[in-house]
Amino acid sequence: QVQLVQSGAEVKKPGASVKVSCKASGYTFTGYAMQWVRQAPGQRPEWMGWINGGNSNTKYSQKFQGRVTLTRDASASTAYMELSSLTAEDTAVYYCAREPLVGATQFDYWGQGTRVTVSS
Amino acid sequence: QSVLTQPPSASGTPGQRVTISCSGSSSNIGSYSVSWYQHFPGTAPKLLIYNNNQRPSGVPDRFSGSKSGTSASLAISGLQSEDEADYYCAAWDDSLSDDYVFGTGTKVTVL
């Protein structure tokens, strides 16, 4: 069965960076994209970007351009999201979600979420 | 961020039908397919509807989606207590930078 397992909760100081991992299993990693979405307390989900699991092409939300880096290790079926220059406004739960590379947009499987807290 | 507007809340008694609207524009719903996600706080969101009206396998047929012009809607028929959750619509938006945008969210309460 498809599973996306994310790394554990993080507490970071303002100005630091955080790197969240998302290990996929149960499907061919290179046949799908990995989307990254975050949700701050009381807010709607917010799309951050996506990475093509096959060729590593990426697309970032303009809001996070320059601060977020998405990478993947196909041999380990793992995607990574690194966010730099953290501020308190980056406190949120970060999710990875699988999306087929062809067909209609659908974030069909999600990771369990990684809570990132930014506090001095 | 472009806004997909949803009513903040909706409610119904068990067995009733509840409909949630999602209002957008020509740069998002008017041009792209709509998805709907169910979210229980503390858990991962779940895809309910994609491509406006398609249900992934395992999603009960009590959930249905539709789209017309720049608006979309999610209907829950035969409302059950376990349907009490937050619901978000989502679509691509090309007004500024091709972002994927989520709606403002609707909390469904089963009375």
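Computed over heavy atoms, backbone and side chain alike; hydrogens, waters and symmetry mates excluded. Values in this document were obtained by computation on a predicted structure and should not be read as measured data.
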Inset, instruction - Check whether the ring centres of A/Trp50 and B/Tyr100 lie less than 6.0 Å apart, and answer yes or no. - result: no
Inset, instruction - Check each atom of B/Tyr37 against the heavy atoms of chain A and say whether the ones under 4.5 Å are side chain, backbone, both or neither. - result: side chain
Legend entry - Interchain contact, A/Val93 with chain B, by part (heavy-atom threshold 4.5 Å): neither
Inset, instruction - Check whether B/Thr104 gets within reach of chain A through its side chain, its backbone, both or neither, counting any heavy atom under 4.5 Å. - result: both
Legend entry - Residue, of A/Gln35, A/Arg115, A/Gln39, A/Gln112, that accumulates the most heavy atom pairs under 4.5 Å with chain B: A/Gln39
Legend entry - A/Phe107/B/Tyr50 aromatic ring centres below 6.0 Å: no
Legend entry - Which atoms of A/Gln65 approach chain B - backbone, side chain, both or neither, heavy atom under 4.5 Å: neither
Inset, instruction - Specify the closest pair of heavy atoms between B/Ser33 and A/Thr105, including all atoms of both residues, with the distance to one decimal. - result: OG-N, 4.4 Å
Legend entry - Under 3.5 Å: donor-acceptor pair, side chain of A/Arg44, backbone of B/Phe102: yes
Inset, instruction - Could you tell me the separation between the CD atom of A/Gln106 and the CG atom of B/Asn51, rounded to the nearest 0.5 Å? - result: 8.5 Å
Inset, instruction - Give the minimum heavy-atom separation between A/Asp108 and B/Leu47, together with the two atoms involved. - result: CA-CD2, 3.8 Å
Legend entry - For the student: nearest non-hydrogen atoms of B/Ala44 and A/Gly111, plus distance: CB-O, 3.0 Å
Inset, instruction - Answer with side chain, backbone, both or neither: which region of A/Tyr95 has an atom nearer than 4.5 Å to a non-hydrogen atom of chain B? - result: side chain
Inset, instruction - Tell me, for B/Asn52 versus chain A, whether the close heavy atoms (under 4.5 Å) come from the side chain, the backbone, both or neither. - result: neither
Inset, instruction - Measure B/Pro45 against the heavy atoms of chain A and call it side chain, backbone, both or neither at under 4.5 Å. - result: both
Legend entry - Cluster link B/Val108 to B/Val59, ILVMFWY, side chain under 4.5 Å: yes
